[in-house]
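Computed from a prediction, not measured in an experiment: that's the story for all the values here. Read the numbers this way: they start at 1 and go in the same order the structure lists the ligands and their atoms.
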Amino acid sequence: MIKLPAPPEALEHTRVREGEFWRDIPAYRDVNEATFLDHIWQGRHSVKSPEELFEAVKGLVDPAFIEDARDGFTRAPMAVRVSPYMIACIDWSQPYADPIRTQFIPLGSRLIPDHPRLTLDSLHELEDSPVPGLTHRYADKALFLPLNVCPVYCRFCTRSYAIGADTELVDKVPLATTPKQWQEAFDYIASRPELEDIVISGGDVYQLPAKSILTIGDALLAIPHIRRMRFATKGPAVMPMKILSDPAWTDAITAVVDKGRALGKEVAVHTHFNNPNEISWITRDAMTLLFSRGITVRNQSVLIRGVNDDPAVMQLLVKRLGYLNVHAYYVYMHDLVKGVEDLRTPIQTAIDVEKFVRGSTAGFNTPTFVCDAPGGGGKRDVHSFDHYDRENGIAVYSAPSVKPGKHFVYFDPIDTLAADAQRRWRHPAEAEAMIAEAIEKAGGPRSYVPA
Ligand SMILES: *Cc1c(COP(=O)(O)O)cnc(C)c1O
Ligand code: SF4
């Protein structure tokens with residue numbers, strides 16, 4: 001059968017926002033292109049308080065929205081920091097529904113009670129940490145966290161236990177933020193020949209000065225057994241202009257990539273787009289520059305309610321990323337983070353979205369949907385559960401090559417369950433019994449790691 005020509009909407013992923021779109025925001029009406037593209041200007045004008053938000057969008061939203069945000073700012077576990085670029089990508093005619101607002105600006109009216117089983121460090125990154133700022137969980141790879149600041153703060157951050165300023169609710173744990181602590185991490189890595197692969201995250205390497213990128217890159221490339229490295233940054237999604245207007249930073253990343261290539265080692269950039277509206281002509285120019293330098297960019301999204309849990313939205317994101325030569329690598333289940341239950345989705349949603357997305361584009365641009373098993377089991381394909389009790393929202397995973405002999409459980413958001421199930425979770429004894437039963441059905445009894 002002959003394939004019918006695609007309708008014009010099928011090319012939606014190729015169309016991104018063009019022109020000086022930021023001028024729609026009252027505070028940026030007189031900002032010219034050179035200024036808007038200046039990463040220093042972006043950093044200085046980031047929105048960190050309800051007052052700054054009000055100043056930026058005065059006239060676009062009603063005062064009730066700002067009051068709602070004020071309430072959200074005080075109750076959130078993460079500090080707030082939103083770049084002007086992100087402010088300009090929000091559709092302020094629908095601020096409650098907007099997917100970018102949802103990620104960065106908490107609203108008191110949208111907060112809902114947490115699942116009773118949530119903790120702050122649900123991935124137990126601190127437990128698998130031999131020295132500060134290093135998580136060694138998998139056989140051949142480790143996660144290095146050299147700083148605790150980011151160009152923006154995401155409401156849903158997995159590392160809300162450590163990232164950003166202390167908030168009214170959370171005192172943060174320090175990561176390895178000094179050169180002496182970095183050296184301890186390098187020494188540990190050098191002492192472990194099985195480590196081939198280092199993820200440099202944080203925080204966000206966008207906030208590292210160029211010379212620190214080179215220091216870290218050189219130190220890790222000099223370790224003979226290191227074969228792969230990735231610099232992880234949300235920057236391309238939230239402040240793409242830095243790649244264009246901070247040549248020292250972009251050149252430092254390029255230098256490490258080139259040096260790695262000369263040594264036969266792969267160095268890539270991993271980024272974090274969540275919604276197709278985050279991508280504009282500025283993103284396209286930035287990704288084109290990285291591509292022209294031979295830099296591989298991969299994307300890791302988080303599946304977020306109201307942001308990308310709609311199959312068509314995720315499909316558009318994946319296709320738009322592929323179009324810009326960014327490989328969609330993972331879509332993560334939202335971690336069991338406190339204070340953002342309104343953002344989580346059930347495991348079933350990931351399964352449904354994945355089914356829709358697979359087949360839309362190249363397989364190597366099609367993400368794997370994973371659940372980073374709470375309690376330190378590592379990433380599991382969402383489909384690989386040993387048992388999934390949809391009624392009570394309990395998925396049970398095991399990870400034979402990471403933590404053999406153990407079971408890990410993920411809990412669907414409490415508000416998505418039927419009233420009866422919600423009631424059972426409120427009784428600790430009933431909750432224990434439900435979890436025990438799910439583990440039994442998963443082929444237990446293995447030891448179970450509490451989330
Ligand atoms: C995600 C992660 C990695 C990298 O895992 P990949 O599946 O190779 O992307 C390494 N260490 C930790 C602790 C991680 O969470
Ligand atoms: S950029 Fe990454 S580390 Fe920083 S707040 Fe967002 S999710 Fe957390």
Trainee: Considering the heavy atoms of Thr135, write down every atom of ligand 1 situated less than 4.0 Å from one of them.
Mentor: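 Counting from 1, the qualifying ligand atoms are 13 (C).
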Trainee: Geometry only, no angles: is Tyr329 polar-contacting ligand 1 at N/O separations under 3.5 Å?
Mentor: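 So ligand 1 has an N or O lying under 3.5 Å from an N or O of Tyr329.
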Trainee: As an exercise, identify every atom of ligand 1 less than 4.0 angstrom from a heavy atom of Tyr138.
Mentor: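 Selected atoms, number and element: 2 (C), 3 (C), 10 (C), 11 (N), 12 (C), 14 (C).
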Trainee: Can Asp389 and His387 be counted as having a side-chain donor-acceptor contact under 3.5 angstrom?
Mentor: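 Note: Asp389 and His387 side chains miss the donor-acceptor criterion.
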Trainee: Would Tyr332 and Gln300 count as having a side-chain donor-acceptor pair, cut-off 3.5 Å?
Mentor: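 The criterion, which ignores hydrogens and geometry beyond distance, is satisfied for Gln300 and Tyr332.
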Trainee: Check if Arg230 has a non-hydrogen atom at a distance under 4.0 Å from any atom of ligand 1.
Mentor: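 Flag set, Arg230 near ligand 1.
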Trainee: Which residue and atom name correspond to the protein heavy atom nearest atom 8 (Fe) of ligand 2, and how close is it?
Mentor: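 The protein heavy atom lying closest is Cys157 SG, 2.3 Å.
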Trainee: State whether any protein heavy atom lies less than 4.0 Å from atom 2 (Fe) of ligand 2.
Mentor: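 Given the 4.0 Å cut-off, atom 2 (Fe) of ligand 2 does not count as touching protein heavy atoms.
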Trainee: Judged by atom type as modelled, is there a donor-acceptor pair below 3.5 Å linking the side chain of Asn308 to the main-chain atoms of Val302?
Mentor: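 The answer is yes, because a donor-acceptor pair under 3.5 Å joins these two groups.
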Trainee: At what distance is the nearest protein heavy atom to atom 4 (Fe) of ligand 2, and which residue and atom is it?
Mentor: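 Nearest protein contact, heavy atoms only, for atom 4 (Fe) of ligand 2 is Cys150 SG, 2.2 Å.
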Trainee: Salt bridge or not for Arg228 and Asp197, using N-O below 4.0 Å?
Mentor: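 Result for this pair is yes, salt bridge flagged.
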Trainee: Between Arg192 and Asp140, is there a salt bridge with N-O shorter than 4.0 Å?
Mentor: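 Answer for the salt bridge query: no.
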Trainee: Is the distance from atom 6 (Fe) of ligand 2 to some N, O or S atom of Cys154 under 2.8 Å?
Mentor: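 Checking atom 6 (Fe) of ligand 2 against Cys154, an N, O or S atom does fall under 2.8 Å.
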Trainee: Report, in ascending order of atom number, the atoms of ligand 1 lying under 4.0 Å from any heavy atom of Leu143.
Mentor: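 Selected atoms, number and element: 11 (N), 12 (C), 13 (C).
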Trainee: Using a strict cut-off of less than 4.0 Å between a Lys/Arg side-chain nitrogen and an Asp/Glu carboxylate oxygen, indicate whether Glu51 and Arg70 qualify as a salt bridge.
Mentor: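 Here Glu51 pairs with Arg70 in a salt bridge, since their nearest N and O are under 4.0 Å apart.
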Trainee: Please identify which atoms of ligand 2 are closer than 4.0 Å to at least one heavy atom of Met78.
Mentor: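 Within the 4.0 Å cut-off of Met78, ligand 2 contributes 5 (S).
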Trainee: Enumerate the atoms of ligand 1 whose separation from the nearest heavy atom of Lys379 is less than 4.0 angstrom.
Mentor: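 Those of ligand 1 that fall under 4.0 Å from Lys379 are 1 (C), 2 (C), 3 (C), 4 (C), 5 (O), 7 (O), 14 (C), 15 (O).
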Trainee: Any Lys/Arg nitrogen of Asp309 or Arg305 sitting under 4.0 Å from an Asp/Glu carboxylate oxygen of the other?
Mentor: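 No, Asp309 and Arg305 are not salt-bridged.
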Trainee: Suppose we measure from atom 7 (O) of ligand 1 to each protein heavy atom; which comes out shortest, and what is that distance?
Mentor: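 Here the nearest protein heavy atom works out to Tyr330 OH, 2.5 Å.
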Trainee: Side chains of His136 and Tyr188: donor-acceptor distance under 3.5 Å anywhere?
Mentor: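 Yes.
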